[in-house]
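Please read the structure below before turning to the comments.
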Amino acid sequence: FTMGTIEGIAAHLDANTGEPGAEKGAVQTSEITIDLEGGPADGTPLSSTRPLTLLVQALPFFVIQPLLRVAQWMLFINLFIYCSSFTESRSAAVFVVALFATSFIMRVMRPFLFIAAKWCIVGRYVEGRYPIFGKEYLKWWMVSQLQELLGAGILERNLPLYYRLLGAKIGAGVKISKDTKLSEFDLLHIGPDVALDNATVRPFTMDSRGCFTLRKIQIGENSCVCAKSVIAGGATLPEGTCVGPLSSNHELCDARPENRRHCRPLRALPPLWLKVLCGWPILLLQRALTLSPVLLLMVHMATTDWYVDSFASVQDGVEYIATPERMGYLFGFIIMHRTVCPCLALAYAIVVKRCIIGAFKPTPQGEEPNVSSWQLFRPWLLARLIPDAHLCGVSKLLGRHYEAISALYRLLGVKVGRYVYWPGSGFNFAEPDLVEVGDYVVFGSRSLIFTSDANHRRQVVTLEAGSNVSDRCVVLPGTRVKTGAVLGSGALTKEGKTYEPGTYVGNRGNECVQLKKGSATASEVKETSYARAFSRRREASYTVLPEWCHIAWSTACICWACVVSKLPLVSGLMLAHLYFMDDWQSHSVASTLLVPSAFIVLMYPAALFVVLCMDIGSKWIIIGRRKPGSYSWDSSSYCQRWQLYLS
């Protein structure tokens, strides 16, 4: 911490790691040393602009993703025609049933498509050192992209099975969070009763010689890895190892048994009967209410007087969907789903939180936590009513950072002061009533705030006025961050501890390190530049847009993104309509399906070009050319323009 320059840090590392004298071709970790071969003899990386490299890396965007969309569209059309054969008149129910059936089938098929693709492209991952942009790298990259595109789908409810099918060796009783990042599956050996929180377990590591390495990872029985920790290639975790939050396999000296209580997958769940009898009906009602605007729009579309009252052939069904007047409805469905539906979902969640779940209270000092079925059920239900950190997607509509977000958190029970600058990544509080945020608090992105441990012991987390929580922090239960205290990037607090004014960073010994103490005036509450800009808008040196403008802008950007996402489908159907010239019946079933599909695939590059033009153009229009300097909210328009550009 005392060598705050790149040269100083590099000299310190050279002096203490012995890296310059390391044998060439050896990859070293704190646990093992593996001699790996197969990279370029002179250490020169392969070119990223080779024709083969460019071709392979274009496939997901120009071929695979369009084909997935076309497959989904063709499945919907066939289900729509099949369901229509059971009724003599057009009905919104037919459209809805076909839509939900398509969604379900794709959710079932996607993980198995990825599993098959992984085994066909890579087979088994093998330990070794390989050149970047070489054959093995391109195969690894393609599988990584397919994992992003296809996902776990229905197997998200049984992640151990999903990863076993991909080649990982996983024991019985393993618990894996849906936020855990696992890759290179054949090199993962996870013992029985292991718990993995929001962590990264990755055999892939980069090499300074233009190569990447793949090395086996072994996690022993009854171990756990807490949130935001990293287990790198070559690691071996002995049986019973408990890696705490914001740690890694290079810090096993800090892996202590008490870290288990901060591993969220180990939390006890409510009994199944309570989830089925009480939880599922509440969640089903939320789903029905959330989708009601889209369903009403579908009813309106189905009852319009376009074309025919019944379908006698596939051509009839495709013509019905491709009618030009119907294209506006396709845009309306997705816009409604992204704007109105999230608001209804959050409103329902707030009502259930206030009327059924109730307020969460801290566990009294010296008493054992209440782990009755009802107490286990309450946080479980809230986590499913609001499953993401963006308040069911509403925070994206409101600009993510502003006073409207504070108002929503207050409705959920969080005690929030004035002019809090919220993170773009948002928060998903398990027990919102136990969070207290004072005036002028500033958050960075991707931080976590825990208000209870795996034993359900609940404690209040207090962030006093004027405190700061930077990027990638983990705040444990019972923490108090006092006025003038700054939790720097990657800071881990200690359970139940108070942090006086000063700057704290990182994690050493399961707690952040105090980088410097605060000055004598640090404990005074000071207005942030963000608060000054919005509270005294007329005094600013530029036009500070009122909050309603940011809300309108964010909502408009999301609506436009919805339109762009549907451009390939809509434009493809419109081109097919022009191609057939209202004479669908004279063409075969195959051409009726394949011609629109071909147009949809061809329109994907056009949509991508539109997105690139929007991104590049908006950067130059809104931001212009960046210049070095310090820009605060109350003295420069840069922060405001940056947020408008991000939206």
Side-chain angles (χ1 to χ4, degrees), residues 38 40 45-76 102 105-126 128 130-153 155 162-163 165-167 181-187 202-204 206 210-212 214 561 564-573 575-576 593-616:
L46 298 173
S47 173
S48 61
T49 57
R50 291 189 307 156
L52 177 62
T53 301
L54 295 177
L55 176 64
V56 171
Q57 296 193 327
L59 289 177
F61 309 103
F62 293 105
V63 178
I64 298 175
Q65 190 170 358
L67 288 178
L68 283 173
R69 295 292 185 182
V70 165
Q72 186 171 355
W73 178 79
M74 293 185 70
L75 176 62
F76 168 75
T102 301
I105 292 173
M106 291 301 294
R107 184 171 170 79
V108 171
M109 292 299 297
R110 280 175 179 267
F112 293 102
L113 285 173
F114 171 61
I115 292 167
K118 180 265 178 185
W119 288 107
C120 291
I121 296 172
V122 173
R124 288 192 178 275
Y125 288 102
V126 179
Y130 308 98
I132 295 293
F133 302 118
K135 181 182 69 174
E136 295 301 323
Y137 172 84
L138 292 177
K139 292 196 296 185
W140 167 87
W141 184 88
M142 180 60 70
V143 170
S144 299
Q145 294 300 309
L146 289 174
Q147 186 176 11
E148 290 291 327
L149 284 174
L150 298 171
L155 292 182
Y162 174 64
Y163 290 118
L165 293 174
L166 287 165
K181 300 176 182 65
L182 302 182
S183 59
E184 296 79 57
F185 318 101
D186 306 284
L187 302 178
R202 193 180 189 191
F204 178 98
M206 288 298 297
C211 299
F212 73 95
L214 297 179
V564 172
S565 69
K566 288 297 180 184
L567 272 181
L569 174 62
V570 171
S571 56
L573 292 177
L575 289 172
L593 293 174
L594 292 177
V595 170
S597 301
F599 281 130
I600 293 171
V601 171
L602 292 174
M603 291 308 297
Y604 257 88
L608 181 60
F609 179 76
V610 171
V611 171
L612 286 174
C613 290
M614 288 172 54
D615 191 10
I616 296 171

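This is a predicted model, so every value here is computed, not measured. Keep in mind that the numbers below use all heavy atoms, side chains included, and drop hydrogens, waters and symmetry copies. Throughout, residue positions are numbered sequentially from 1 according to the sequence presented.
- The structure places CG of Leu59 at 10.0 Å from CG of Leu67, a figure rounded to the nearest 0.5 Å.
- At a threshold of 4.5 Å between non-hydrogen side-chain atoms, the residues Phe62 and Pro605 count as touching.
- Residue Trp141 comes nearest to Val56 through the heavy atom pair CZ3-O, 3.8 Å, listed as atom of the first residue, atom of the second, then distance.
- Rounded to the nearest 0.5 angstrom, Ile600 CD1 and Ser571 OG are separated by 8.0 Å.
- Between Trp73 and Phe76, the distance from one ring center to the other does not fall under 6.0 angstrom.
- A heavy-atom distance below 4.5 Å is not found between the side chains of Tyr125 and Pro203.
- Without hydrogens or angle criteria, Thr53 side chain to Thr49 main chain gives no donor-acceptor distance under 3.5 Å.
- Going from atom CG of Leu155 over to atom CZ of Arg107 covers 9.0 Å, rounded to the nearest 0.5 Å.
- Taking each heavy atom of Ser597 and Met74 in turn, the nearest pair found is OG-SD, 3.5 Å.
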- Begin with the C-alpha distance, continue with both residues' side-chain angles, and end with the deciding distance and a verdict on side chain to side chain contact (heavy atoms under 4.5 Å, CB included) for Leu612 and Phe609. CA-CA 5 Å; Leu612 286 174; Phe609 179 76; 5.6 Å; no
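- Annotation for Leu182 and Gln147: closest pair O-NE2, 3.6 Å, computed over non-hydrogen atoms.
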- Task: Take Tyr137 and Tyr130 through the side chain to side chain contact (heavy atoms under 4.5 Å, CB included) test and state the conclusion after the steps.
- Result: CA-CA 7 Å; Tyr137 172 84; Tyr130 308 98; 5.8 Å; no
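- In this structure, Tyr604 and Leu608 have side chains that are not in contact, with every pair of non-hydrogen atoms separated by 4.5 Å or more.
- Looking only at side-chain heavy atoms (C-beta outward), Leu575 and Met603 come within less than 4.5 Å of each other.
- Rounding to the nearest 0.5 Å gives a distance of 7.5 Å between CG of Leu602 and CZ of Phe599.
- Across Trp119 and Leu165, no two heavy atoms sit closer than the pair NE1-O, 2.9 Å.
- Between Leu149 atom CG and Leu113 atom CG the span is 11.5 Å, to the nearest 0.5 Å.
- Contact annotation: the side chain of Leu150 approaches that of Leu68 to within less than 4.5 Å [non-hydrogen atoms, C-beta and beyond].
- Taking CD of Gln145 as the start and CH2 of Trp140 as the end, the distance is 8.5 Å to the nearest 0.5 Å.
- Between Phe204 and Phe212, the angle of the ring planes stays under 30°, which puts this pair in the parallel group of the 30/60° scheme.
- With hydrogens and angles disregarded, no donor-acceptor distance shorter than 3.5 Å links the side chain of Arg69 to the backbone of Pro568.
- Closest of all the heavy-atom pairs between Arg202 and Ser183 is CG-OG, 3.2 Å.
- The nearest pair of heavy atoms linking Gln57 to Pro60 is O-CD, 3.7 Å.
- Contact annotation: the side chain of Glu136 never approaches that of Leu214 to less than 4.5 Å [non-hydrogen atoms, C-beta and beyond].
- Counting heavy atoms from C-beta on, the side chains of Asp186 and Lys118 come closer than 4.5 Å.
- Counting heavy atoms from C-beta outward, Met206 and Ile132 have side chains that approach closer than 4.5 Å.
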